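Inspection log for the structure reproduced underneath, given as structure tokens.
The shown structure was predicted, so the numbers you read here are calculated from the model rather than taken from an experiment.
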Amino acid sequence: MAPIPLQRDTVQRPGTTRAGYAHGPRLASRTSLPGIPLAPSAARRFVRAALAEWTGLGVPAAVGFSDRLADDAVTVTNELVTNAVVHAGTTVDLVLRLEEEGGDEPSAALVLEVTDHHPARPVSGDEPGAAGAPGRTDTEPPTEPPTESPAGLPDPAEYGRGLQLVATLAESWGITYRTGLKTVWARLPVDDWSDPPAPPDRDALRRGLRAAEILAPAARRTERDDAVWDSRGAPAFLAEASDLLAGQLDEDLVAAIAGQLLVPRLADWCAIWLEAESGGAGAEPRLARVWHSDETGTEPLRTALEREPLRLPAGIGSGPVPVPVPWPLHRAENAPHPESAPHPQQPREAAPPPDPGARDGAALAFRITAGGRALGTVLVGREGVAQVPEAVASLIEDFVRRLGLAVGAARAYTRQATISRILQRGLLPSKVAEIPGVTSALVYEPSDDGVVGGDFYDIFPCPGDRWCFVLGDVQGSGPEAAVVTGLARPWLRLLSREGFGVGEVLDRLNRLLLDDAMEAAEAAALMVAAAGGRQLHDGSQSRFLSLLYGEVVPLPGGGVRCTVVSAGHPLPLLLRPDGSVHPAAEPQVLLGVVEDVAYESQTFDLEPGDTLLCVTDGVTERRSGPLMFDDGDGLARVLAGCAGLPAEATAERIRRAVHEFAEQPPDDDVALLVLHAD
């Protein structure tokens, strides 16, 4: 997955004079990261880029930057950002400062500040008596204290050990609560810097600046340099944007990433509207994302845009459309910058009136389209300029085209996943019957690929004090598989209740599948292809069905008599109380393959304490490299260790073993049925 684009603001403060030579500028770099799992890696890149840049600039204190200090700073940043993402889940603001202190014993330190927007959510290690716990400012103390272990410390399994690690590496650290914010800071001393540094190496300077440019290309400077969008800069930006947007399956996440890519690289603020999926007449577009380079301007901007949403004429294409920009869209009047904002306990001074000359700005709107269909609108704005440069407008237009493709792909996936969920619910029974004298347990986990799976199950009563159970797997997935499943399950119920024997039920089902089901599946495949979808087979291939079908009859003395038939399905396994495991059926041909076939059933008694395990090939063929789960009777070995366990515990142990067999999640449906005689 592509890295998060970084937005960095480097602030230089006047230096001081000490011991006969001038200190370099005091530096601070900041960025804002979304509260997603990629944030810690982006924060690590940001810190290393800032340290490389400061070193290359010849900052006096930076001469003391050692590899160990850099590693410690990256480690502390990783822990604090991870803590914020896991425990707060909001946008994370990261500030890295280089502080110098004069006096007889001069010193310098790196100060890291990680701020989230959920002050009521505690962090790992934030409790009285924690090792290295600092004093803190509690203007809004947390209301959800961590669960404590008997030793008085939080449970590491729930809250981790992040701040214990920070306390070990940092000279000092603390937590400050402000209205709507919680900041965790850490101070790391810089060693061996008091001697005047040698003149900076120009090659090292260029290398440091180049590293910072590559790792943090979204630098937020006092004045934006549009000259970077030359023949090399624009393609690099578009390539990065394509990598970040591609494969995202949620349109809101696509909009969030797009906002971060545009601001502050190409604009001071942006807003993204998305049209309703239904596209009905009169449907209002949804304001999906608002992003401002000054965080204090985001909410006022959102409020203004919600009050007066942007509406483009119907005939507008994908090119830029100039839009008048009123003052409220720039920044909230009288809103202080975060660095100049007073502490909540200090009186707030009246801000000076805004400078009328600073109200000038320019904004452009772009239609988001894909496949000739309008999907939304992007509005970008720059402050203090009369117009957006033509090269930048052209670059944004190219970017919006890629945004349209990403939104269209995300919506297509969402539609497919929604249809699959609806089909899956309709193809599976709302509840299964309870068999007298038998405890049953079901595990059904469809693969998370956005299409309806081919596995199905059922347990239902029949006349004559009989109960029937089914575990099936249609070859493939998607609409064609759904058609076969939707026909096979009710046909099985109908044939079973007509009084046919177990083998006869499958004989008749096989003939039905070779006729009606296959014709319906072919029609579904043609519909998918006509709609531009992915055809899952070439039209001449049959839709096979593997099936395990059984009939259970209670016995007067306890236990039940089972009659089963396996048509191309993994064989059921019978577990005795002594731990012995045996196949309970004979392998036979798949359904829907051969027209003239006579299926034969096998009968056995399931005595009290016995367990019957039925699975689909998502269990037996679960892969880990070249190996499969059932190689060397792997399933039988796991089942043998379940002797004496009830049905639910047996099902859970098999399920867990399947998942633990490989690091990656299963790529096929996983279904298993356990019947345990009481």
Would you name the heavy atoms of [X] and [Y] that are closest together and state the gap between them?
X	Y	value
Asp630	Ala636	OD1-N, 4.4 Å
Arg561	Asp605	NE-OD1, 2.8 Å
Ala585	Val564	CB-CG2, 3.8 Å
Pro436	Pro554	O-CG, 4.3 Å
Leu571	Pro583	CD1-CB, 4.2 Å
Ser580	Asp578	OG-OD1, 2.7 Å

> Is there a side-chain contact (heavy atoms from CB on, under 4.5 Å) between Val470 and Tyr457 once you walk through the steps?
Replying inline: CA-CA 5 Å; Val470 178; Tyr457 59 85; over 6 Å; no

Looking at side-chain heavy atoms only, is the closest gap between [X] and [Y] below 4.5 Å?
X	Y	value
Val505	Leu492	yes
Val581	Leu574	no
Leu635	Val615	yes
Leu375	Thr369	no
Phe500	Leu494	no
Leu495	Leu509	yes
Glu551	Cys562	no
Thr611	Cys642	no

About how many Å separate [atom2] of [Y] and [atom1] of [X], when rounded to the nearest 0.5 Å?
X	Y	atom1	atom2	result
Leu673	Leu612	CG	CG	7.5 Å
Ile272	Ile368	CD1	CD1	6.0 Å
Gln588	Gln602	CD	CD	6.0 Å
Leu547	Leu590	CG	CG	10.0 Å
Leu512	Leu487	CG	CG	9.0 Å
Ser601	Glu504	OG	CD	9.5 Å

> Can you list every pair that meets ring-ring contact (aromatic ring centres under 6.0 Å, His included) and has a residue in residues 558-606, with sequence neighbours left out?
Replying inline: none

> Which ring-ring contact (aromatic ring centres under 6.0 Å, His included) pairs, counting each pair once, include a residue from residues 623-678, with sequence neighbours left out?
Replying inline: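 Those involving residues 623-678 are Phe629-Phe661.
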
>> Please identify which of these residues, Leu645, Val658, Val674, meets the side chain to side chain contact (heavy atoms under 4.5 Å, CB included) condition with Arg653.
In response: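 The residue from Leu645, Val658, Val674 that satisfies side chain to side chain contact (heavy atoms under 4.5 Å, CB included) with Arg653 turns out to be Leu645.
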
Taking the side chain from [X] and the backbone from [Y], do they hold a donor-acceptor pair closer than 3.5 Å?
X	Y	answer
Arg373	Gly408	no
Asn78	Ala43	no
Asp610	Glu607	yes
Arg402	Phe399	no
Asp243	Glu240	no

> Any Lys/Arg nitrogen of Glu445 or Arg655 sitting under 4.0 Å from an Asp/Glu carboxylate oxygen of the other?
Replying inline: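 So Glu445 pairs with Arg655 through a salt bridge.
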
>> Against Glu251, only a single residue in Arg289, Arg415, Arg286 fulfils salt bridge (Lys or Arg N to Asp or Glu O under 4.0 Å); can you say which?
In response: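 Single salt bridge (Lys or Arg N to Asp or Glu O under 4.0 Å) partner of Glu251 among Arg289, Arg415, Arg286: Arg286.
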
>> Test side-chain contact (heavy atoms from CB on, under 4.5 Å) on Gln248 and Ile257; report intermediate values, then the result.
In response: CA-CA 10 Å; Gln248 302 298 338; Ile257 293 174; 3.9 Å; yes

>> Using the rule given for side chain to side chain donor-acceptor pair (under 3.5 Å), can you reason through Tyr549 versus Ser496, listing the C-alpha separation, both sets of side-chain angles and the distance that settles it, and then say yes or no?
In response: CA-CA 10 Å; Tyr549 171 69; Ser496 300; 2.6 Å; yes

> Going through the distances and angles, do Asp458 and Arg493 end up as a side-chain contact (heavy atoms from CB on, under 4.5 Å)?
Replying inline: CA-CA 9 Å; Asp458 202 358; Arg493 285 197 171 206; 2.7 Å; yes

> Could you walk me through whether Asp116 and Thr90 pass the side chain to side chain donor-acceptor pair (under 3.5 Å) check?
Replying inline: CA-CA 6 Å; Asp116 64 62; Thr90 68; 4.6 Å; no

> Can Thr616 and Asp473 be said to form a side chain to side chain donor-acceptor pair (under 3.5 Å), step by step?
Replying inline: CA-CA 7 Å; Thr616 60; Asp473 183 4; 5.2 Å; no

> CG of Asp250: more than 12 outside heavy atoms within 6.0 angstrom?
Replying inline: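 Yes, enclosed.
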
> How about Glu595: does its CD atom have over 12 heavy atoms from other parts shown lying under 6.0 Å from it?
Replying inline: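 Count not over threshold, so no.
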
>> Run Tyr444 and Phe456 through side-chain contact (heavy atoms from CB on, under 4.5 Å) and show every step you take.
In response: CA-CA 8 Å; Tyr444 179 71; Phe456 66 96; over 6 Å; no

